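Numbers here are sequence positions counted from 1. Everything numeric in this text was worked out from a predicted model, so none of it was measured. When a ligand or atom number is given, it counts from 1 through the structure's own listing order.
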Amino acid sequence: MARVCVYCASSNDIDPRYLTLARDMGIALAAAGHSVVTGGGRVGMMGEVARAARSGGARTVGVIPQHLVPLELADADADDLVVTATMRERKRVMEDGSDVFVALPGGIGTLEELFEMWTSASLGMHDKPVIVLDDGGFYAPLWAFLEDLRDRSFVRQEALDTLHRAATVADVLALLPR
Ligand code: AMP
């Protein structure tokens with residue numbers, strides 16, 4: 001059983017398919033016996049993952065900075081809701097309290113968190129898996145950009161190899177530590 005940190009969109013105004021994807025992820029994590037760490041908001045895909053995971057019996061941990069409590073509607077139903085003083089502290093608590101990081105579709109907050117965990121893994125600062133759920137090719141433009149950077153020697157192939165790319169929720173599950 002792993003503590004799975006899920007990064008994903010906080011927006012509610014996205015195509016409903018992504019809210020469904022977040023629900024599917026939460027349900028699958030719970031069914032496999034994993035616990036779930038999120039940004040601690042009830043909004044967007046983040047809220048869906050946590051609610052679905054709990055409905056399947058998973059333990060959920062939400063980590064939210066004080067100033068986002070009203071904006072992202074702190075998830076009072078989380079088994080453990082950690083309210084931090086700063087965004088930096090939020091990220092540290094999420095990092096220390098998770099065994100693996102999974103990025104679902106999201107916006108700049110998701111990308112920022114994904115890149116931080118990926119770059120630190122590629123530099124050997126931790127050995128926790130970092131996985132991108134590339135649902136329907138959501139991350140294909142990013143991948144094309146990264147491969148171009150690799151071709152022009154801005155990015156090492158070894159760094160690209162550090163990031164796991166999963167096409168489906170089932171593929172993510174297969175990559176998780178037992
Ligand atoms: P987004 O992908 O932009 O919808 O954001 C997803 C989550 O990332 C939200 O909970 C944001 O609070 C969080 N987030 C936004 N900016 C940052 C940041 N600089 N560092 C860490 N998390 C962030």
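Near Ile108, meaning under 4.0 Å from any of its heavy atoms, are these atoms of ligand 1: 2 (O), 3 (O). Those atoms of ligand 1 that come under 4.0 Å of a heavy atom in Lys91, given as number and element, are 20 (N), 21 (C). The Met46 neighbourhood of ligand 1 comprises atoms 10 (O), with distances under 4.0 Å to a heavy atom of that residue. The atoms of ligand 1 that sit less than 4.0 Å from any heavy atom of Cys8 are 6 (C). With ligand atoms numbered from 1 in the order given, ligand 1 contributes 1 (P), 4 (O), 5 (O) to contacts under 4.0 Å with heavy atoms of Ser10. Set against the non-hydrogen atoms of Leu68, the atoms of ligand 1 under 4.0 Å away are 12 (O).
Residue Ser11 places no N or O, backbone or side chain, under 3.5 Å from any N or O of ligand 1. Between Ala9 and ligand 1, a contact under 3.5 Å exists for no N or O pair. Ligand 1 has a nitrogen or oxygen under 3.5 angstrom from a nitrogen or oxygen of Gly109.
Remark: Asp75 does not engage Arg42 in a salt bridge, criterion side-chain N to carboxylate O under 4.0 Å. Electrostatic pairing of Arg88 and Glu112 does not count as a salt bridge here, judged by no charged N lying under 4.0 Å from a carboxylate O. One finds no salt bridge joining Arg150 and Glu158 here, because no Lys/Arg side-chain nitrogen approaches an Asp/Glu carboxylate oxygen to under 4.0 Å.
Closest to atom 22 (N) of ligand 1 among all protein heavy atoms lies Glu113 OE2, 2.9 Å. From the protein, the heavy atom lying nearest to atom 20 (N) of ligand 1 is Glu112 OE1, 2.9 Å.
Around CG of Asp127, the count of heavy atoms belonging to other residues, nucleotides or ligands within 6.0 Å does not exceed 12.
For the atom pair CD (Glu147) and CZ (Arg152), the distance works out to 13.0 Å, reported to the nearest 0.5 Å. Residue Trp118 holds its CH2 atom at 12.0 Å from NE2 of His164, rounded to the nearest 0.5 Å.
Counting only heavy atoms from C-beta outward, the side chains of Val93 and Thr84 approach each other to under 4.5 Å.
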Is there a salt bridge (charged side-chain N to carboxylate O under 4.0 Å, His left out) between Asp135 and Arg17 once you walk through the steps?
CA-CA 10 Å; Asp135 173 76; Arg17 67 171 281 183; 2.6 Å; yes
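For the residue pair Arg54 / Thr60, a side-chain donor-acceptor distance below 3.5 Å is found, with atom types taken as modelled.
In the candidate list Glu116, Glu72, Arg90, Arg90 is nearest to atom 13 (C) of ligand 1, counting heavy atoms. Residue Met87 holds the heavy atom nearest to atom 17 (C) of ligand 1 of all those in Met94, Arg88, Met87.
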